[in-house]
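Encoded as structure tokens, the structure appears first; notes follow it.
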Amino acid sequence: SPARRPRTLATVLRELAEKQQLSEETVSLLQTHFSDLPCELHSWRQMADYSPEMRQFACILHLYHIKAYDYLRKIFPLPHPYSLTKQVFIHSFILNVWLSNNEAAAGFSNNIFLHLQEKVEREEQAYRYCALMVKDMSLQKQQEWDPQTQRLTGFVDLGAGVFDADEAPLASEAIILMAVGISSPWTAPLGYFFVNSTTGHLLAQLLRQTINKLNNIGIMVLAVTSGATACGAETARALGIRIDPERIQCTFQHPPGSAHSIAYFFDICHALQLIRNALQCFQKIERLSDTVQWQHVVELAALQEQRVLEPCSPKSGRPRSEENYHLKVNLATLLFSEGVADALEHLQKLGLASFQNCNGTIKFVRLMSCLCDVFHGRGPNRRGLEGPLLARNYTKISCLFNEAKSFFVTLTDSMGRYIIKSKRKLGFLSFLLNVESLKWLYANYVCPEGAPSHHLLTYAFSLDPLELFLRALQQACGSSGSPTCTVFQAAYHKLLASCSLAPSSPHQRGSGNMSSLDISLSRRRDLTLGSIRAQYNPTCGRTLATEYPYCVGLLLRGSALSNALTDLSLHAQSITCTAGFIAEQLASDLQCEACLASLFELDESRLRCGSVLYIKKLGGLSLPSASVYHITSILEQVLNWYGKVGDSNKNTKLWHLSLEQKVFQELLGESPLFPTLTNHFFDGELCVNNHYTVLVKAITRCYLNIRTNHAKHLNLKHPCGRHRLKRLKEKHLFPSPLGRCQSSQTHAGS
């Protein structure tokens with residue numbers, strides 16, 4: 001019988017497999033890689049005498065299955081789990097943390113933890129509390145030889161040593177952990193682990209190990225965030241979270257059985273994608289007398305640009321058809337945003353048949369927009385729902401949460417079945433869990449007198465900070481595909497070397513020029529009206545004119561920009577034409593709704609139409625905003641001063657960069673550009689490199705590309721004389737999407 005067999009390591013592992021405490025795959029892995037471990041019990045008596053293989057075995061078993069580890073501790077004197085993450089003194093020397101490494105090897109990063117400990121010891125309060133987040137990144141399975149270590153790489157590595165046996169599995173994913181400040185925007189990449197498959201149980205164990213390490217240096221973890229995925233839900237349940245709409249348990253105890261609780265969040269971006277999927281699959285969802293219809297959003301995204309005639313004053317003596325606007329959908333608008341709600345409301349008032357009876361859709365989109373604002377508070381300087389969670393705005397937020405809960409739990413499909421109990425429930429449950437977690441954090445860490453923080457940055461409870469780091473990591477890898485383990489480690493080491501823990505430091509995340517606002521917009525790109533249009537009608541998505549227009553721009557009368565330029569020369573009108581062309585080009589790829597709208601001259605009487613824009617046009621030419629025109633005119637001056645664009649030696653990146661610098665120098669001291677975006681420019685971090693400079697750079701580069709690439713064909717020289725107009729009369733082509741432009745004499749005569 002098993003009781004009479006010698007109790008060796010192999011037999012105990014087999015017993016665990018028979019009791020279904022370890023999978024056959026895990027047992028096979030452990031037996032294959034640790035076949036040389038001593039089998040006798042007396043060899044495991046002294047932890048100080050453990051070989052690296054014995055320590056690796058203990059760490060791996062503890063991470064893969066805590067119950068199996070506890071069972072084995074009754075037979076073999078394995079170390080207490082606390083010893084796996086804490087530095088202990090044995091025989092006058094320090095046994096380093098078994099799951100930690102220096103430099104950028106797999107495991108916890110010792111240097112980062114030392115820097116955090118120094119912050120705590122200097123009594124910097126912003127580092128006493130943090131949120132913890134975890135995410136996986138796919139890897140390319142590939143075995144490689146490392147000439148420096150003289151070992152094979154590409155295998156599973158959990159920080160205790162590489163699995164490099166012949167039958168060892170290759171790593172297919174990297175699990176990355178990050179700590180984020182909840183009252184100050186600091187971030188710290190804590191480490192990574194190479195695995196061949198990510199499971200919820202493994203993530204839960206890694207999270208508990210990370211919480212232990214942070215507790216050891218004096219940092220208290222208040223919240224944990226994972227993706228709203230099947231693995232994320234498994235992780236939550238493994239930690240003790242209950243995702244039941246009737247009995248939600250939003251916190252778990254750590255250590256288990258202790259009085260300290262930690263809140264759990266699902267990533268908001270993932271949750272929004274799941275809700276989008278649910279609405280698209282059900283097509284219609286109902287609540288009481290309201291009906292939310294997916295078709296309303298599809299019709300809005302598919303709305304083609306169309307001309308809107310405006311009545312002209314008899315005193316002007318101008319034809320009715322000359323002065324007009326074009327209705328255009330801002331495809332950068334997010335699905336669950338106030339812009340979509342306002343647009344649906346506006347189109348309903350216009351009487352369009354496709355948008356009648358859309359009050360239920362408007363109400364749902366507006367509710368989701370408010371929830372998104374609450375969970376994307378990026379900085380202490382924001383106001384309203386988009387600002388941090390404070391005592392003065394909690395009452396309003398609490399009312400919003402109550403409304404959302406009442407809304408979600410009563411939603412039904414067309415058959416009367418509750419959505420919250422369907423197979424498309426995870427997105428709604430994620431929001432309900434996040435609501436309870438945020439309320440719990442406010443009640444325990446903001447509201448009480450003497451609380452450690454007077455506000456919470458809800459941005460810290462999304463995966464955006466970690467995604468920002470991963471985006472920089474992907475760029476450092478040098479390819480768009482999945483990196484190998486070797487490439488990943490080199491890129492991670494490079495980012496770690498430039499990592500600063502200072503709040504809002506540009507090198508804090510190794511994120512380069514990308515801001516928190518940019519990463520948030522980038523992650524939600526498939527939640528825009530543009531993505532919906534492309535999904536249903538790919539041929540009618542955003543189009544981009546590739547040929548420079550061979551005509552001059554003409555201006556409408558009656559607008560501030562038009563009045564300023566009515567009497568200017570043909571050269572100035574040509575700049576307007578070019579500026580309009582640049583605006584159309586940039587609009588095809590901009591991800592920011594506000595920035596896209598700022599490119600064009602809009603009808604000032606209809607500015608509150610959400611994602612519906614009324615763009616002033618003439619003969620198919622989109623008129624640029626005054627700011628775009630001003631930047632373009634400065635560019636033309638700079639080109640006139642500093643060189644001819646046709647010179648072959650000038651068509652270089654260095655020359656373009658020098659011209660960009662000259663443009664910024666010329667703009668210094670000028671009147672503020674893009675006045676409608678003054679508040680929007682501070683939506684991200686408070687730094688110079690915000691969307692203001694992004695727009696100016698984009699306009700500058702687009703213009704230089706146009707002038708450089710087409711100078712030979714257009715032969716545009718300064719000053720542009722009237723003889724040029726005669727040659728342009730024969731070339732009235734104005735490519736899509738700008739349409740055709742009539743000759744200047746025709747409009748001048750009218």
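Quick caveat: nothing in here was measured; it's all calculated off a predicted structure.
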Under a 4.5 Å cut-off applied to non-hydrogen side-chain atoms, are [X] and [Y] in contact?
| X | Y | result |
| --- | --- | --- |
| Leu139 | Ser482 | no |
| Gln205 | His201 | yes |
| Asp136 | Glu173 | yes |
| Asn434 | Phe461 | no |
| Met137 | Ile176 | yes |
| Met220 | Tyr445 | yes |
| Thr528 | Leu335 | no |
| Arg523 | Leu463 | yes |

Quiz prompt | Stepwise side-chain hydrogen bond (donor to acceptor under 3.5 Å, both in side chains) check, Thr235 with Ser226 | solution = CA-CA 8 Å; Thr235 304; Ser226 73; 5.5 Å; no

Quiz item: Taking the six-membered ring for Trp, are Tyr264 and Phe266 parallel (under 30°), tilted (30 to 60°) or perpendicular (over 60°)?
Solution: perpendicular

Quiz item: According to the interplanar angle, ranging from 0 to 90°, do the rings of Phe375 and Phe431 count as parallel (below 30°), tilted (30 to 60°) or perpendicular (above 60°)?
Solution: perpendicular

If you look at every heavy atom in [X] and [Y], which pair is closest and at what distance?
| X | Y | value |
| --- | --- | --- |
| Val180 | Pro465 | CG2-CB, 4.0 Å |
| Cys477 | Val487 | O-CG1, 3.6 Å |
| Cys231 | Thr198 | SG-CG2, 3.7 Å |
| Leu521 | Cys592 | CD1-CB, 3.9 Å |
| Ala460 | Gly181 | CB-O, 3.5 Å |
| Leu214 | Phe113 | CD2-CE2, 3.7 Å |

Under 3.5 Å, side chain of [X] to main-chain N/O of [Y], donor-acceptor pair present?
| X | Y | answer |
| --- | --- | --- |
| His376 | Cys372 | yes |
| Trp145 | Arg151 | no |
| Ser522 | Asp518 | no |
| Ser462 | Tyr459 | yes |

Self-check item: Check: Tyr129 ring centre within less than 6.0 Å of Tyr127 ring centre
Solution: no

Quiz item: Under 6.0 Å between ring centres, would you say that holds for Tyr192 and Phe194?
Solution: yes

Ignoring hydrogens and angles, write down the donor-acceptor pairs under 3.5 Å from the side chains of residues 249-256, residues two or more places apart or on other chains.
residue : atom : partner : partner atom : Å
Gln249  : NE2  : Thr251  : O            : 3.1
Gln249  : NE2  : Thr251  : OG1          : 3.0
Gln253  : NE2  : Ser261  : OG           : 3.1
His254  : ND1  : Arg208  : NH1          : 2.8
His254  : NE2  : Asn212  : OD1          : 2.7

With rounding to the nearest 0.5 angstrom, report the [atom1] to [atom2] distance, [X] to [Y].
| X | Y | atom1 | atom2 | result |
| --- | --- | --- | --- | --- |
| Gln140 | Cys485 | CD | SG | 9.5 Å |
| Gln474 | Phe488 | CD | CZ | 10.0 Å |
| Leu586 | Cys702 | CG | SG | 5.0 Å |
| Gln117 | Arg122 | CD | CZ | 11.5 Å |
| Ile275 | Leu371 | CD1 | CG | 8.0 Å |
| Ile519 | Leu470 | CD1 | CG | 8.5 Å |

Practice problem: Please step through side chain to side chain contact (heavy atoms under 4.5 Å, CB included) for the pair Val221 and Cys130, ending with a clear verdict. | Solution: CA-CA 5 Å; Val221 178; Cys130 76; 4.0 Å; yes

Quiz item: What residue among Leu177, Leu496, Leu114 forms side-chain contact (heavy atoms from CB on, under 4.5 Å) with Ser109?
Solution: Leu496

Exercise. Please identify each residue that fulfils side-chain contact (heavy atoms from CB on, under 4.5 Å) with Leu527, with sequence neighbours left out.
Key: Leu272, Gln273, Arg276, Arg524

Quiz prompt | Glu144: side-chain contact (heavy atoms from CB on, under 4.5 Å) partners, not counting sequence neighbours | solution = Gln142, Thr153, Thr484, Thr486

Quiz item: Between Asp157 and Phe193, is a side chain to side chain contact (heavy atoms under 4.5 Å, CB included) present by the stated rule, with each step listed?
Solution: CA-CA 6 Å; Asp157 187 351; Phe193 304 84; over 6 Å; no

Exercise. Decide yes or no on side chain to side chain contact (heavy atoms under 4.5 Å, CB included) for Val120 and Ile217, but give the supporting numbers first.
Key: CA-CA 8 Å; Val120 174; Ile217 61 175; 5.5 Å; no

Quiz item: Are Asp267 and Lys135 within salt-bridge range, i.e. N to O under 4.0 Å?
Solution: no

Quiz item: Between Val134 and Leu206, does a side chain to side chain contact (heavy atoms under 4.5 Å, CB included) hold up when you go through it step by step?
Solution: CA-CA 9 Å; Val134 61; Leu206 286 174; over 6 Å; no

